[in-house]
K.L.:
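Have a look at this one.
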Amino acid sequence: RGPQEIVAGLPYRFRAAGYDRYFNPCPLDPQAVTWEVEEGSGTFKGPELTAHAGGTLVVRARANSATEILRVKVVGSEEMARLVITPAQIRVAPGEQVRLTVQLRGKDGRVWSVPAQYVEWTVTGKIGAVTGEAFCAGSETAAGLLMARFGALTATVPVEVAPPGEKFQWIGPEGGVVREGNFELRFPAGRLSQPVAVRVAPLTAPADLPSGFTFTEGLSLKLYAHAPLKIEAVARWTPVAKEYCVNAVFFVRGKDAKWQRQPSLDDAGGLWGRINDCGELAVARYEAGLLPTDLAQHWARSAVAPLLNRGLIRGFPDGSFRPDAPLTRAQFAALLVAAFGWAEPEESPLPCSDAVPAWALPSIRAAVARGVLTGYPDGRCQPNRPVVRAELAVLLDRILRLPEGKLPAFRDAAQIPSWALPAVRRVTAAGLMSGSGGFFRPVATATRAEAAALVTRMLTYYLRQPA
């Protein structure tokens, strides 16, 4: 005797009873009964049967010369909809325990209970372990995942182990939003394979921010991932005093312990940015001086001011900006590196046979390492060579990886070099560069004002894209 339907992976006990030829009960020693599976996938351990797959089992019991056959239906993983763990999320203090219940939900709506000892449990991080029917939290503040497997079914439970009052926020494969005080961080979808906890706390004012910057507010972000993880996010800071955003910049200090400027611009009463790592996030204000006098009536004033206010571009010692002066390759590399927060690689040989000014070397190394700046066919970088508008379009396109677009009907379209034509199509379609009087002027030398205006538009475009 035994159940006529069982679940694959769980043990079920069968028993045998003896009868004489007249169907009267007679004594039967359980130890004298032999159990075996004649058809199907399953094994007996004494009178206890465990099926290994769905289908039908034919089991036989033998005792002396007597024998009996029983057909048993097995419900396998293919008939199950999901594995359900309760609670679905665990928040406990260090050292506490939480009782776990496990259920199988069938596609037909039926429910089966599963004792926790028949489930395969794994954990990420130092959150604790499953003992018997309970999850036992570890002794330290931690976060991670409790993962259960039964047959082909799996379930995941986010776990937070922290003293009362402390909490975590979670991001997952679908992305997520972390909000704390004046900060909002939007993490993109598709970057994580499983949920990750983020522990957020206010940041104490650091004393080692780059020269010229004053700390305003910050967060400490700690990711509890089972493997090293670096993930970008779109950052938003909305202080009560909106004027603080005018000259504010996001900085991030990651595992290398160095503060790295992040792309930042003020917009609609807040500071927007893209952060390339988690760790310590700081908002710092640049101690900008007066606007150069030669910008007062210049067309590029509104585009140059946000860069001057953040120390991304500087004027000359005589107090001028020289907006109409030619822009060199070295100057543009320095502006790009400052605006986008590119770190100088530790070891990055330059494909240059000519000399590079010492002040421009870190910026050119960073731009070369990212494939933005390249040398000429003769092996030179020509850092002091003025940049023409066709080159600006190519550099911009390499950075933003723009979608395809249609080239406007420029009257000088035939003068656009073939190597720059795809980039010109894309940057003009995106509204980042335009012509004047129907001309694109591809071989005209770019000015400092044009470059500053272009970088401001680039940052605006870049910051509006998903991370």
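Everything quoted here is computed from the prediction, not taken from an experiment.
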K.L.:
With a cut-off of 6.0 Å (strictly less than), are more than 12 heavy atoms of other residues, nucleotides or ligands near CZ of Arg110?
P.N.:
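Atom CZ in Arg110 is packed in, count exceeds 12.
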K.L.:
Counting only heavy atoms not in Lys73, do more than 12 sit closer than 6.0 Å to its NZ atom?
P.N.:
yes
K.L.:
Would a distance-only check, ignoring hydrogens and angles, find a side-chain to backbone donor-acceptor pair under 3.5 Å from Glu96 to Ala93?
P.N.:
yes
K.L.:
With a 4.0 Å cut-off, would you call Glu184 and Arg236 a salt bridge?
P.N.:
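Not counted as a salt bridge, because no side-chain N and carboxylate O are separated by less than 4.0 Å.
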K.L.:
Determine whether a donor-acceptor pair (N or O, by modelled atom type, separation under 3.5 Å) exists between the side chain of Glu160 and the backbone of Lys167.
P.N.:
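Such a contact is absent between Glu160 side chain and Lys167 backbone.
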K.L.:
Just verifying a value: how many Å separate Leu100 CG and Phe135 CZ, rounded to the nearest 0.5 Å?
P.N.:
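The CZ atom of Phe135 is 8.0 Å from CG of Leu100, to the nearest 0.5 Å.
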K.L.:
Which residue in the set Asn247, Leu290, Leu291 passes side-chain contact (heavy atoms from CB on, under 4.5 Å) when paired with Leu308?
P.N.:
Leu291
K.L.:
Report the distance from atom CG of Leu463 to atom CG of Asp267, rounding to the nearest 0.5 Å.
P.N.:
9.0 Å
K.L.:
Pro306 and Leu265: which non-hydrogen atoms are nearest, and at how many Å?
P.N.:
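Of all heavy-atom pairs spanning Pro306 and Leu265, the closest is CB-CD2, 4.1 Å.
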K.L.:
Any donor and acceptor pair, going by atom type alone, linking the side chain of Thr124 with main-chain N or O of Leu145 inside 3.5 Å?
P.N.:
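A pair under 3.5 Å: yes.
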K.L.:
Is any side-chain heavy atom of Ile90 less than 4.5 Å from a side-chain heavy atom of Ile127?
P.N.:
no
K.L.:
Has Gln4 got more than 12 heavy atoms of other residues, nucleotides or ligands less than 6.0 Å from its CD?
P.N.:
no
K.L.:
For Arg457 and Leu396: C-alpha separation, side-chain torsions, deciding distance, then whether side-chain contact (heavy atoms from CB on, under 4.5 Å) applies.
P.N.:
CA-CA 10 Å; Arg457 288 195 293 270; Leu396 185 158; over 6 Å; no
K.L.:
Would you confirm whether Gln169, through its side chain, and Arg179, through its main-chain N or O, come within 3.5 Å as a donor-acceptor pair?
P.N.:
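Confirmed, Gln169 side chain pairs with Arg179 backbone.
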K.L.:
So, for Ala137 and Val92, which heavy atoms are closest and what is the spacing to 0.1 Å?
P.N.:
CB-CG2, 3.6 Å
K.L.:
For Asp208 and Arg253, what are the C-alpha separation, side-chain angles and deciding distance, and is it a side-chain contact (heavy atoms from CB on, under 4.5 Å)?
P.N.:
CA-CA 11 Å; Asp208 57 347; Arg253 177 159 59 185; 2.5 Å; yes
K.L.:
Step through the shown structure and confirm whether more than 12 heavy atoms of other residues, nucleotides or ligands are within 6.0 Å of OH on Tyr244.
P.N.:
no
K.L.:
Between Trp259 and Phe251, what is the ring plane arrangement, given parallel below 30°, perpendicular above 60°, and tilted in between?
P.N.:
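The arrangement is perpendicular - the two ring planes meet at more than 60°.
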K.L.:
Is there side-chain contact between Val387 and Gln331, with at least one heavy-atom pair below 4.5 Å?
P.N.:
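Heavy-atom side-chain distance check fails, nothing below 4.5 Å.
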K.L.:
Parallel, tilted or perpendicular for Tyr462 and Phe340, by the 30°/60° rule?
P.N.:
perpendicular
K.L.:
Can you tell me how far the CZ atom of Arg365 sits from the CD atom of Glu344, to the nearest 0.5 Å?
P.N.:
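Output value for this atom pair is 6.0 Å.
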K.L.:
Treating Gln260 as the side-chain partner and Gly341 as the backbone partner, does any N or O pair qualify as donor plus acceptor under 3.5 Å?
P.N.:
yes
K.L.:
Are any non-hydrogen side-chain atoms of Trp170 and Gln89 less than 4.5 angstrom apart?
P.N.:
yes
K.L.:
Within 45° of the six-membered ring axis of Tyr224 and under 6.0 Å from that ring's centre, is NZ or CZ of Arg199 located there?
P.N.:
no
K.L.:
When you measure from the side chain of Arg301 to the backbone N and O of Ala296, does any donor-acceptor pair fall under 3.5 Å?
P.N.:
yes
K.L.:
With a 4.5 Å limit on heavy-atom distance, are the side chains of Thr141 and Lys222 in contact?
P.N.:
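Not in contact.
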K.L.:
Is a side-chain N or O of Arg274 found less than 3.5 angstrom from the main chain of Glu232, in a donor-acceptor match?
P.N.:
no
K.L.:
Please round to the nearest 0.5 Å and tell me the distance separating atom CD1 of Ile275 and atom CG of Leu281.
P.N.:
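Answer for the CD1-CG pair, Ile275 versus Leu281, is 5.0 Å.
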K.L.:
Return the minimal non-hydrogen interatomic distance between Leu219 and Leu203, and the atom names on each side.
P.N.:
N-CB, 3.5 Å
K.L.:
Using modelled atom types and a 3.5 Å cut-off, is there a donor and acceptor pairing between side-chain atoms of Arg285 and backbone atoms of Thr214?
P.N.:
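No; judged by distance alone, with no hydrogens or angles, the pair does not exist.
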K.L.:
Rounded to the nearest 0.5 Å, what separation is found between the CD atom of Glu133 and the OG1 atom of Thr101?
P.N.:
9.0 Å
K.L.:
Drop me the distance from Arg82's CZ to Thr154's OG1, to the nearest 0.5 angstrom.
P.N.:
12.0 Å
K.L.:
Under the criterion side-chain contact (heavy atoms from CB on, under 4.5 Å), I'd like the reasoning laid out for Val283 against Phe183: C-alpha separation, chi angles, the key distance, then a yes or no.
P.N.:
CA-CA 10 Å; Val283 173; Phe183 291 89; 3.7 Å; yes
K.L.:
Please name the pair of heavy atoms, one in Ala148 and one in Trp121, separated by the smallest distance, quoted to 0.1 Å.
P.N.:
CB-CZ3, 3.5 Å
K.L.:
Could you tell me whether the side chain of Ser363 and the main chain of Val337 form a donor-acceptor pair under 3.5 Å?
P.N.:
no
K.L.:
Ignoring hydrogens and geometry, is there a side-chain-to-backbone donor-acceptor pair from Tyr12 to Val7 under 3.5 Å?
P.N.:
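Yes, Tyr12 side chain to Val7 backbone: donor-acceptor pair under 3.5 Å.
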K.L.:
Of all the heavy-atom pairs spanning Arg261 and Ala338, show the shortest one and how long it is.
P.N.:
CD-O, 2.9 Å
K.L.:
Is any side-chain heavy atom of Phe14 less than 4.5 Å from a side-chain heavy atom of Leu70?
P.N.:
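Sidechains of Leu70 and Phe14: in contact.
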K.L.:
Answer whether the closest heavy-atom distance between the side chains of Pro87 and Val98 falls below 4.5 Å.
P.N.:
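Yes, at least one pair of side-chain atoms sits under 4.5 Å.
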K.L.:
Would you please say whether a donor-acceptor pair under 3.5 Å links the side chains of Thr86 and Gln103?
P.N.:
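Absent: no donor and acceptor within the cut-off.
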K.L.:
Quick one: are Val424 and Met433 in side-chain contact, heavy atoms under 4.5 Å?
P.N.:
no
K.L.:
Quick one: closest heavy-atom pair of Ala61 and Val33, and the distance?
P.N.:
CB-CG1, 4.2 Å
K.L.:
Can you tell if the side chain of Met80 reaches within under 4.5 Å of the side chain of Lys107, non-hydrogen atoms only?
P.N.:
no
K.L.:
Start with the C-alpha distance between Thr238 and Lys242, add both sets of side-chain angles, then the distance that settles side-chain contact (heavy atoms from CB on, under 4.5 Å), and finish with yes or no.
P.N.:
CA-CA 7 Å; Thr238 52; Lys242 306 301 182 186; 4.2 Å; yes
